[in-house]
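Note on naming: letters A, B, ... go to the chains in the order of the sequence lines (proteins, then strands), and numbering restarts at 1 for each one.
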Protein chains: 4
Amino acid sequence: MVENDPPGPAGTEARREAPSGRGRPLSDATERAILQATTGLLAERGLSAMTIEEVAARAHVGKASIYRRWSSKGTLAFDAFVTDFLERQPLPDTGNLRGDLLGLLRAWVRAVRQPVTGRTLRGLVGEVQRDPELADAWRERFVTPMRARHDAVLRRAIERGQLAPEANTGLLLDLLYGPAYHRLLHGHLPLDDAFAEDVVAVIMAANEAGVL
Amino acid sequence: MVENDPPGPAGTEARREAPSGRGRPLSDATERAILQATTGLLAERGLSAMTIEEVAARAHVGKASIYRRWSSKGTLAFDAFVTDFLERQPLPDTGNLRGDLLGLLRAWVRAVRQPVTGRTLRGLVGEVQRDPELADAWRERFVTPMRARHDAVLRRAIERGQLAPEANTGLLLDLLYGPAYHRLLHGHLPLDDAFAEDVVAVIMAANEAGVL
Amino acid sequence: MVENDPPGPAGTEARREAPSGRGRPLSDATERAILQATTGLLAERGLSAMTIEEVAARAHVGKASIYRRWSSKGTLAFDAFVTDFLERQPLPDTGNLRGDLLGLLRAWVRAVRQPVTGRTLRGLVGEVQRDPELADAWRERFVTPMRARHDAVLRRAIERGQLAPEANTGLLLDLLYGPAYHRLLHGHLPLDDAFAEDVVAVIMAANEAGVL
Amino acid sequence: MVENDPPGPAGTEARREAPSGRGRPLSDATERAILQATTGLLAERGLSAMTIEEVAARAHVGKASIYRRWSSKGTLAFDAFVTDFLERQPLPDTGNLRGDLLGLLRAWVRAVRQPVTGRTLRGLVGEVQRDPELADAWRERFVTPMRARHDAVLRRAIERGQLAPEANTGLLLDLLYGPAYHRLLHGHLPLDDAFAEDVVAVIMAANEAGVL
DNA sequence: TCGTAACCGAGACGGTACGTCTGGTCTTTTT
DNA sequence: AAAAAGACCAGACGTACCGTCTCGGTTACGA
């Protein structure tokens, strides 16, 4: 949104708008330094223990240069996290619904089992509950893009005749990811491949019974 | 909420432990005043905007009297919230599994649709992601008791022959509540009775297909 | 003033009055423990860093047992310090004024050169500036008794004809001790025997010139 | 009081040192507001009853802006008090030693007889006994400058032949001010012009007797 | 090619809340 | 009753960060 990125899935940024073209433009080097420092601190301390002052100090950047681009700690961490995370969520195309759903959920589970990734995602979901601005960004730039990818998968399944055209896809996706987030956030039971397979089996059974 | 209960599994409290029996004991009146002030502020402002100083001022209590009992804002809010919330989650006994699951999920949905309850629960889940001590209390005093109640429901279903004895009850409960927390926390889709019915229908279909 | 001390230089205590003779009498052992703990803490940390809570803990005594006897940290420290200090200030009788004054000032200088004694005296004078109740005790039970002793010395000098009967004894004593306290409190110049001799020489010269 | 003064002995300030020249400089307006609030509170309540929070509130300043400049209540009060006080101590030049000493002591006595001035000076001397950092500032910025002024007076007396060149000036000044501080701090006898005259008479007699 | 608007790092600004500490009092149980 | 213990209310302490502003200086546009 700020710089030139002609190709690409477009604006997944939470950042503020670039102003008019007058004056000195925002520096790319500064931005990279901020995001890199953020990524490092996120990995070392987690979101809740990270402070904007620390990011500024580590990036050798003034605090104002951060606030010029992001409105809060949450939106900054979001930007540092989300592009990378989305890239690690592949769009499977195995030719059948079960395989695709399993591919989706397994990739997610494997990503969040990385301690840094899991902790950061948990921290972001927590932050979303206290920062309405971040909540908007979260829905628009994380939940919606994720859903868009998933819809492509489901559309293909409909085309293949493996899913009814009138199926409740919103529900299906909440059944796929809801239990996973539940275990991530409450930590009461393990998140592993067996869990992913069980969840997908349930969804497939419900689909075959026609209750989706 | 906190009184002396000689029998029982004891000390799964979020609060700090009472010291030796010597000296002046902690005052019940002080404790009640703190919890009442906390409940009020939780309703007025939400967890993240509530401060310990405000609680102390409203309860006409020294800050030390709060810190003597609770180690953080999260554990205090947890104590003020959780007993009341659990009491509002009935143990349905309709004679069949579908009705019981529907009763459970509908009660939860209706509770969190109350703006104060929903906001507080969201805030607590968020806080759990940043306060490891609260996370322990959360699992021990909220997730586990909830699961215990649900296990009773599932046991009855097993006795009635409506659920296989070897069913994966952990998965079943995550399928029941996971999508619901997902919608509560991400706010991407509505939480209503229709949603509850759809979720239960999926679980019943999976059960009948024998994939649980 | 509290206990039985028929002989002795009379009430040099800063402590509160004993209550009516009803009920259990104040315990001597408790009192001794408090004063002993106070003396130890005064030596280890100095008056300003000592707290009533620390005294209570070290003496294995409740805070109330201290407040029952003394009204403030200053009056307690005063009591722990002053009897001992006064005992170390002898009443010289050398047969001439110069020798007596020198004896007085030298004893004082030597006492306050002990680090603990000097620090405690400085701390008490400092405390006197902020605690009006202590200031009263200070004047009545320290300044006045000291002056009484000195007056005895000066009276003997008058009897011997070494000092005019109408001499300004208040001024004389301020000339004797004022410079000494000045050096103690401001620390700008050393406090030693040479200083004591110089001060006494000045007073003797003034006396001989008849300006006292 | 604080401005940039390239020549001069430099940095004998009680305040903390200015950091590197980078970043936003400390604001003079903020500093003035703090000192003014301090002066007002010193007059209204006295040093020991004044709090940093009150100063910050009255000056409409964050507490950090005070701590950025001064390390303690004492050093702040010192800065607010001492320049003004020193300015009120004139450098007399009557042409003879007696008149100059009388001028010095009378000016001091008259200053400390102002209730606010006397109370603040007493409070500062008391605080000096508990704050080693303030003690350093006190000697460097108050005792030493006072002594420097007095040395000028004594040097003139030596040039005039009214004081021996080898006179013990340190002793002389302690004889002049010691009794005065003694009465100020212990409050046992009045501080008035008659007292000042008596003290000076003693010093002059000793000088004439050659014991200085 | 120059003026100027907006950037840059650094760090002070006014604030808020933190969690700790101490003061002096009050309430238990124990002696 | 007085004892020890320790909780009570109150509020200042000094620190950490917040998000904004100011400083001296730089950079790149557009007049």
In whole angstroms, how far is the [atom2] atom of [N] from the [atom1] atom of [X]?
{"X": "D:Glu54", "N": "F:dA10", "atom1": "CD", "atom2": "C1'", "result": "15 Å"}
{"X": "D:Ile52", "N": "F:dT15", "atom1": "CD1", "atom2": "P", "result": "11 Å"}
{"X": "B:Arg22", "N": "F:dA3", "atom1": "CZ", "atom2": "P", "result": "15 Å"}
{"X": "A:Arg130", "N": "F:dC18", "atom1": "CZ", "atom2": "C1'", "result": "13 Å"}
{"X": "A:Leu41", "N": "F:dC17", "atom1": "CG", "atom2": "C1'", "result": "15 Å"}
{"X": "D:Asp28", "N": "E:dA12", "atom1": "CG", "atom2": "P", "result": "14 Å"}
{"X": "C:Ile66", "N": "F:dA3", "atom1": "CD1", "atom2": "P", "result": "12 Å"}
{"X": "C:Lys73", "N": "E:dG24", "atom1": "NZ", "atom2": "P", "result": "10 Å"}

Hey, does D:Ala56 reach any base, or is it just sugar-phosphate, or nothing, if we go heavy atoms under 4.0 Å? nothing

Taking E:dG19, F:dG14, F:dA2 as options, the one with an atom nearest any side-chain atom of B:Glu53 is E:dG19

Minimal heavy-atom distance between D:Arg122 and C:Val128, with the atoms involved, is NH2-O, 4.0 Å

Would you name the heavy atoms of B:Gly126 and A:Gln129 that are closest together and state the gap between them? CA-CG, 4.2 Å

With DNA chain E as reference, determine whether B:Ser71 or D:Val61 sits nearer its 5' end, using the nearest nucleotide of each. D:Val61

Hey, which sits more toward the 5' end of DNA chain E by its nearest nucleotide, D:Gly62 or C:Met50? D:Gly62

Between the CZ atom in B:Arg69 and the OG atom in B:Ser27, the distance rounded to the nearest 0.5 Å is 6.5 Å

The test is side chain to side chain contact (heavy atoms under 4.5 Å, CB included); show your working for B:Leu35 and B:Trp70 and say whether it passes. CA-CA 11 Å; B:Leu35 289 171; B:Trp70 294 278; 3.8 Å; yes

Can you find a donor-acceptor pair, distance only, under 3.5 Å between B:Arg24 side chain and E:dC26 base? yes

Given E:dC13, is OP1 or OP2 found less than 4.0 Å from the side-chain N or O atoms of D:Ser65? yes

Take B:Thr30 and A:Lys63, find for each the nucleotide of DNA chain F with the closest heavy atom, and name the residue whose nucleotide sits nearer the 5' end. B:Thr30

Toward the 5' end of DNA chain F, which comes first, B:Arg69 or D:Tyr67, by nearest nucleotide? B:Arg69

